[in-house]
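Structure record follows, encoded as structure tokens.
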Amino acid sequence: MDKVRRPIRSKVQIMVLIISIAALSVSAAIGVVNMLQIKDDSERALITQMEQNLRNITASKADLAHSELEQFSAYIENFAAYISELYKNPSGYVSRDVPLPRKEDAGKLVMQRTLRDKSVSFKDVEKEMYLLGNVEQVWHNVMTSNKGIISPIYLGTESGLMVGYDDRPDLNDLYYDYSKSTWYNLAKKIGHVCFTNLYMDIYKRGLMITCAAPFYDADNNFMGVVGMDILISDLYRTIIELDLGKNEGAYAFLVDNEGNIIDNDKTAKENQRLFREKGMSPYAAAQILSGKTGLSLTPSRIYFAYAPIKSTNWKFCVRMPESVILEPVLRVQRNIFLTILSYCIAFIVLVLIVAVASRKFSKKLTTPIIELNRDVEEISGGNLDHMAEIYSNDEIGDLAKSFNEMAVSLKDYIKNLAAVTAEKERIGAELDVATQIQANMLPRIFPPFPDRKEFDIYATMTPAKEVGGDFYDFFLIDENHLGLVMADVSGKGVPAALFMVIAKTLIKNRALMGGTPAEILHDVNNQLCEGNEAGLFVTVWLGILDIAEGKLIAANAGHEYPALKRVGEASFELIKTKHSPAVATMEDMKFRENEFELNPGDILYLYTDGVAEATNSAEELYGTDRMIEALNRNLDATVNDILINMKREVDEFTGEAPQFDDITMLCLKYFGKQ
């Protein structure tokens, strides 16, 4: 009997062993499959996040470089505007001599003049030289506040005169043909502020670029170009400085618009060689030079993230080996592979003792994996508050800890994202309030003087952003005089709006004290110049109307020409008078006045450059000719209908193109003494 039971017992043991081994194998297979699924999910999530982080860092650095260069564009834009005002109003400035280069001035910050070539004599440009000598006081502040960065500042005229401001170690050149220079021809061709390509300074101070802009006379004739050289050593270090950890082969670099690496210590030829050594494929190089923001992975498994720097058309790039991106993934893979290896070893050991404890042991082994799988499903389903409660000191415990840390990180990220969104909503709400405050500062009730029958007036202002820099105003100075103001602050957004509030308040308060438009603008100009570190200025058309007699005295400080339609005539015409410089460009300036009569039935139309310079999607300007044609189509309309029709015509012209500048208009119809 025992002999019979022994084979049966053996068969049962073999069956139990087979069943146990099969159960253990299935459990091990389930664990491996789950871990491989976790590995794939983790790899995709981590790679996507790391790539996005790399794109964001690159784009942020490119924006920082653009902001750094924008301040130099603002300098040059203001220089060109000031020099244009010199040509438009030469009698408003004193004559200032500009000396020839002298050896004793070498190394000193001085003004100097040279000629284009020997075909130009000093007598040909003497009058122009005395006028352009006025730029020294404007250049001096910029040169001294940017010492070591800007050097020199200079201008070249179409007539053959060159004026510079510098502390060069040699001042021996009497002739220099700047008309063949890149900075001169580039600015002349494109008609606005521009940057040249990178080049090495001849005095061995490092890499430089030139920022230049054209200037014009009162008839918009091209007169020359003003430029300044900018050493980019400090700027280069600011842009390139980037914490990429201690990862060999990970670094940032700049590429110019010709495909050369920008290195502060390399020549152009060496930079080209350096570009070839970066390990990038032709496709990646082409993508970088395309001017887009993006990310490329080369066949040699190297990431290149790139973004354009708008001011100079350079590209900011980050080189990152794929191994750096995949390092967290490889760490998870190593843990999973170690776990699988542990499974295999445990399987061999358990086979030897499975006849006694296979079921219990397999259950103990597979339970943590199943629980971890459930935890992963909870987290991947969006429940970031769920934590894996596995505290073993093996690879599964490490993996559970890693997933818990990942859940906490994701939760913090979502929380921070919500905070940033709330902050943006708060700023948007504050800008809405600022927009309302600015709108309330302008006269909004029409008719504003219902008991005055001598005139009818209407005005509108549509800002390009939430708040704008344009403003209009009209107010009774006394019972017989009406003040009219139309103005445009340089720049846009909150800074321009703040400057607008100050300028509007000063002009009105000073006008109510009495005086002519020229006297009013003189005093307001001096007040605005005090502490104007931002370099803002405002163009102003200020008129004072004698309501009973119809006499209008006006001063135009760099503003657009007003349009006037005389009674009995069939069209509006621009009132073209000589401009004075814009307010807040320089202290103690004098302003011109013009006087003309308004007859009963005459209509006066004032506006800012947002009307004439409105641009459609084809980059065509609306222009004053279209504006006059639009006015002439509404000769019999009321003052408010004239402005409503004009705004509609501008909107129809621009179509889907975004509004580039504030659009402000004012219309006055004079009826005379009733």
Side-chain angles (χ1 to χ4, degrees), residues 88-89 218-220 442-443 455-461 470-475 481-489 504 507 511 516-518 520-521 538-547 550-567 569-583 591-614 622-635 637-640 642-643 645-647 649-650 661-671:
K88 294 175 183 178
N89 184 28
D219 295 324
N220 206 32
L442 303 179
F455 60 89
D456 190 10
I457 192 168
Y458 189 74
T460 62
M461 197 278 278
D470 285 8
F471 66 92
Y472 65 84
D473 203 358
F474 49 83
F475 46 85
H481 290 89
L482 175 67
L484 300 171
V485 182
M486 179 62 62
D488 184 1
V489 176
K504 177 184 179 299
I507 291 172
T516 66
I520 294 169
L521 292 183
V538 54
T539 64
V540 181
W541 187 94
L542 172 62
I544 297 178
L545 173 65
D546 186 321
I547 300 173
K551 182 172 71 174
L552 179 63
I553 302 175
N556 191 336
H559 200 72
E560 304 296 317
Y561 295 123
L564 178 64
K565 190 260 180 195
R566 294 287 188 184
V567 64
E569 296 185 0
S571 64
F572 279 85
E573 293 185 359
L574 294 178
I575 305 174
K576 293 188 177 182
T577 58
K578 289 189 176 181
H579 287 83
S580 297
V583 175
F591 294 88
R592 293 174 174 271
E593 288 182 346
N594 299 283
E595 180 179 331
F596 54 92
E597 298 286 338
L598 290 183
N599 300 315
D602 288 353
I603 301 175
L604 179 66
Y605 173 74
L606 306 175
Y607 58 98
T608 59
D609 58 3
V611 177
E613 295 180 2
Y622 186 67
T624 53
D625 291 341
R626 287 189 178 92
M627 181 189 73
I628 293 297
E629 291 174 2
L631 289 171
N632 291 337
R633 285 193 288 270
N634 300 280
L635 295 177
T638 61
V639 290
N640 54 331
I642 289 175
L643 298 193
N645 293 336
M646 176 58 69
K647 182 61 168 62
E649 296 246 6
V650 172
D661 200 358
D662 304 337
I663 297 178
T664 307
M665 300 178 287
L666 183 148
C667 191
L668 171 81
K669 185 169 185 178
Y670 179 68
F671 298 112

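On a predicted model such as this, the values are computed, not experimentally measured, just so you know.
In this structure the side chain of Ile575 never reaches within 4.5 angstrom of the side chain of Asn594, judged on heavy atoms. Side-chain contact between Leu604 and Leu484: present, with at least one pair of heavy atoms (C-beta onward) separated by less than 4.5 Å. At least one side-chain heavy atom of Met486 sits under 4.5 Å from a side-chain heavy atom of Thr608. No side-chain heavy atom of Ile507 sits less than 4.5 Å from a side-chain heavy atom of Asp473. Taking 4.5 Å as the limit, some side-chain heavy atom of Arg566 sits within range of a side-chain heavy atom of Asn599. Thr638 has its side chain out of reach of Tyr458: every pair of non-hydrogen atoms, C-beta onward, lies at least 4.5 Å apart. Residues Met627 and Tyr605 form a side-chain contact, since some pair of their non-hydrogen atoms from C-beta on lies under 4.5 Å apart. Using a 4.5 Å heavy-atom cutoff, the side chains of Thr539 and Asp609 are not in contact.
Between Leu606 and Pro562, the shortest heavy-atom distance links the atoms CD2-CB, 3.4 Å. When all heavy atoms of Gly550 and Tyr670 are compared, the pair lying nearest together is N-OH, 3.2 Å. Scanning both residues, Ala555 and Pro517, for their nearest heavy atoms gives CB-CB, 3.8 Å.
A donor-acceptor pair under 3.5 Å links the side-chain atoms of Glu593 to the main chain of Ala518, judged by distance alone. For the pair Asp602 (side chain) and Val567 (backbone), a donor-acceptor distance under 3.5 Å is present.
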For Arg592 and Thr577, run side-chain contact (heavy atoms from CB on, under 4.5 Å): C-alpha distance rounded to whole Å, both residues' side-chain angles, the deciding distance at 0.1 Å, then the answer. CA-CA 9 Å; Arg592 293 174 174 271; Thr577 58; over 6 Å; no
Please lay out, stage by stage, how Leu442 and Lys504 fare under the test side-chain contact (heavy atoms from CB on, under 4.5 Å). CA-CA 9 Å; Leu442 303 179; Lys504 177 184 179 299; 3.9 Å; yes
Are Thr516 and Phe591 close enough, and set up right, to give a side-chain contact (heavy atoms from CB on, under 4.5 Å), and what steps lead you there? CA-CA 10 Å; Thr516 66; Phe591 294 88; over 6 Å; no
Where do His579 and Asn89 land on the side-chain contact (heavy atoms from CB on, under 4.5 Å) test, with the steps shown first? CA-CA 7 Å; His579 287 83; Asn89 184 28; over 6 Å; no
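Annotation for Glu573: atom CD does not count as buried by contact number, only 12 or fewer foreign heavy atoms lying within 6.0 Å.
For the side chain to side chain contact (heavy atoms under 4.5 Å, CB included) test, residues two or more places apart in sequence or in another chain that qualify with Ala459 are Phe446, Tyr472, Phe474, Leu666. With sequence neighbours left out, Asp546 forms a side chain to side chain contact (heavy atoms under 4.5 Å, CB included) with Asn480, His481, Ala548, Glu549, Lys551.
Residue Cys667 forms a side chain to side chain contact (heavy atoms under 4.5 Å, CB included) with just one option from Ile603, Asp456, Thr460, and that option is Ile603.
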